[in-house]
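Heads up, the thing below is written out as structure tokens.
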Amino acid sequence: MLQVNVLRGNTAEVKERLAVKRFAQPELVDTIIGLDDERKKLQAEFDTTQAKVNAASKEIGRLMGQGNKEGAEALKQDVAGWKAMLEPLKEKMATVEKELQDTLVILPNLPSTLVPAGKSAEDNVVVREGGNKPDLPKDAVPHWDLIKKYDLIDFETGAKITGSGFPLYKGKGAKLQRALIQYFLDYNTEAGYTEYLPPFMVNEASAFATGQLPDKEGQMYHAKDDNYFLIPTAEVPVTNIYRDTILKKEDLPVKMTAYSPCFRREAGSFGKEVRGLNRVHQFEKVEIIQIVEPATSYAVLDEMVAHVEKLLQNLELPYRILRLCGGDMGFTSALTYDFEVFSAAQERWLEVSSVSNFESYQTNRMKCRYKDADGKTQLTHSLNGSSLALPRIVACLLENNQATDGIKLPKVLHRYFGAETI
RNA sequence: GGUGAGGUGGAUGAGUGGCUGAAAUCAACGGUUUGCUAAACCGUCGUACGUCCUUUAAGAUGUACCGAGGGUUCGAAUCCCUCCCUCACCGCCA
């Protein structure tokens, strides 16, 4: 959520930035400022009246103590009058505040000046590519066939147990999941990230704080009896560790990593998009999250991008890094880099990570602040990224490394998987 | 799920209707002292939203906040109701 003061100081610039994100209601910026003005006016009025009530109440106490009943009674009359004024004011304030809040929440984060204009995935900018695309033999097959061949995942039984998009990993398929998770976590903790294993369901306040609510309500599975949401990413529970906190300068940067399953409803997806592991409702992911001083957040973003890039290099996969354009970015992000790996048999790029700087958009919702060098309290910046999402990594590993004598795994995985090939 | 006890500032913890935005202690921070460490002493030490003042910083001031939300009262941390959470015991259970 953006701060009203940011809107106030640079209304024109804010609207320009919102246009980059293809936000359709720039007039809401003015609406918000108007509502905030009204809020202030109402509060001033309320406060001065309430101050009179408080002073009179004290005086009544004093008069009673002196036994001056008549004086006290007279004052009570005054208080009754003021209180009658306070009631409607209070209601009006609540209405205006709610409207302000509701409107503020509709505004997406402002994209950084590095964000290219554009309306869809086509307009994303390739920052760099790495790794080598393999030369596959003519008879190379997509990962869903390899999965069958080596009996790694049973999609049909997963669908029987739950529904489509809930894979049942089996044998070496299951073990590969475990190996990848363990490798990713080790890689991250070696880089100074603290490992967490968070709750896989969150309450409404947490889902709101990281911006899943109200924007992505339909994306999450909702346990209505308890009003809990299955997490779509570990970002939600882990970032919320620092909800409503004030950190010390020396606590920063906070670096966290967590494995979690991710649950996504993905309503409306179909066809080739969802074949095999391309898109599923439940998948495994390891996430990295940082909470940092505002001045450092873009340097940290670069650091995180490099961190994920190295991981893909270690996995020996062909990848490319995209800077997302305004139209393709997430609601809460200021700058996002997507990582895609090339799945050679499908001849498709598959997204496996998304690393974003949210600046103070999440932390403002979360009220995650810190005391800066001058002792002033201000909002921190938050960032996160996947390192990595498993299914598409697996799809790519299988397709790109297929050979007649099995699937060759990259060196870094040997000791985790306990073998060099599948 | 049942019964009981609780939830107060960074921590411990006092506070059962007005003098309490909140004692005391500890921690933290600044200073004095000191060869260094320790100790002692002095000071500072909540958040949010307003208003005034100032170029800003700072300062002054108002309102709200003692788990959350309602209620009683001229006045609520304190009394009442609902909910949440923690702890103990019981039940169930990986």
Side-chain angles (χ1 to χ4, degrees), chain A residues 1-9 32-105 197-209 213 223-229 237 240-252 254 261 291 360 363-380:
Chain A
M1 179 165 74
L2 297 168
Q3 297 176 91
V4 178
N5 283 345
V6 171
L7 306 184
R8 219 177 251 289
I32 286 167
I33 292 170
L35 284 168
D36 193 48
D37 286 339
E38 202 183 338
R39 196 201 97 239
K40 286 186 186 179
K41 222 181 79 199
L42 287 169
Q43 195 188 330
E45 209 178 327
F46 181 90
D47 283 359
T48 48
T49 310
Q50 182 64 252
K52 285 189 216 166
V53 170
N54 291 348
S57 292
K58 266 195 181 144
E59 183 61 13
I60 290 169
R62 220 174 50 79
L63 291 173
M64 304 268 274
Q66 292 172 351
N68 184 347
K69 283 220 160 125
E70 306 80 58
E73 283 309 317
L75 264 181
K76 281 192 195 182
Q77 294 300 310
D78 291 345
V79 170
W82 291 322
K83 286 188 77 172
M85 292 163 63
L86 285 175
E87 268 320 303
L89 268 177
K90 206 168 151 188
E91 267 170 50
K92 219 167 153 190
M93 255 184 2
T95 316
V96 169
E97 227 152 286
K98 175 154 189 335
E99 209 179 321
L100 176 62
Q101 200 66 13
D102 288 352
T103 315
L104 221 33
V105 150
L197 184 64
F200 299 152
M201 288 194 181
V202 293
N203 58 29
E204 221 177 329
S206 294
F208 176 82
L213 292 179
K224 290 198 176 61
D225 283 348
D226 299 289
N227 199 23
Y228 294 155
F229 295 87
N240 268 283
I241 293 169
Y242 286 95
R243 171 151 51 90
D244 288 321
T245 55
I246 300 178
L247 294 156
K248 294 188 212 112
K249 190 175 146 68
E250 57 268 29
D251 293 333
L252 301 175
V254 171
I291 294 169
S360 60
T363 53
N364 186 35
R365 285 192 178 203
M366 288 206 302
K367 300 287 169 276
C368 175
R369 295 149 293 169
Y370 82 109
K371 299 256 190 213
D372 66 16
D374 302 327
K376 275 184 67 178
T377 305
Q378 58 168 303
L379 292 170
T380 55

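Order of the sequence lines sets the chain letters (A, B, ...), proteins ahead of strands, with each chain counted from 1.
- The nucleotide B/rA94 finds no pairing partner, because no Watson-Crick or G-U wobble arrangement with both distances shorter than 3.5 Å includes it.
- Both A/D36 and A/K371 lie near RNA chain B, and the one whose nearest nucleotide falls closer to the 5' end is A/K371.
- Toward the 5′ end of RNA chain B lies the nearest nucleotide of A/K367, the other residue of the pair A/K367 and A/A55 mapping further downstream.
- Both distances falling under 3.5 Å, in either a Watson-Crick or a G-U wobble arrangement, occur for no nucleotide opposite B/rU37.
- There is no side-chain donor-acceptor pair under 3.5 Å between A/N54 and A/S57.
- For B/rG6, the paired base is B/rC85 (Watson-Crick or G-U wobble, both distances below 3.5 Å).
- Base pairing of B/rG18 is made with B/rC74, judged by Watson-Crick or G-U wobble geometry with both donor-acceptor distances under 3.5 Å.
- At a threshold of 4.0 angstrom between heavy atoms, the contacts of A/Q50 are confined to the sugar-phosphate backbone, with no base atom among them.
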Contact list (N/O, under 3.5 angstrom) for nucleotides 84-86 of chain B vs protein:
none

For this session: Using a 4.0 Å cut-off on protein heavy atoms (strictly under), produce a 5'-to-3' string for nucleotides 66-81 of chain B with B for base contact, S for backbone-only sugar-phosphate contact, and - for none.
Result: --------BS------

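- B/rA28: Watson-Crick or G-U partner is B/rU44, with both key distances under 3.5 Å.
- Within the structure, salt bridge (charged side-chain N to carboxylate O under 4.0 Å, His left out) pairs that include any residue of residues 62-83 of chain A comprise A/E59-A/R62, A/E73-A/K76 (at least two apart or interchain).
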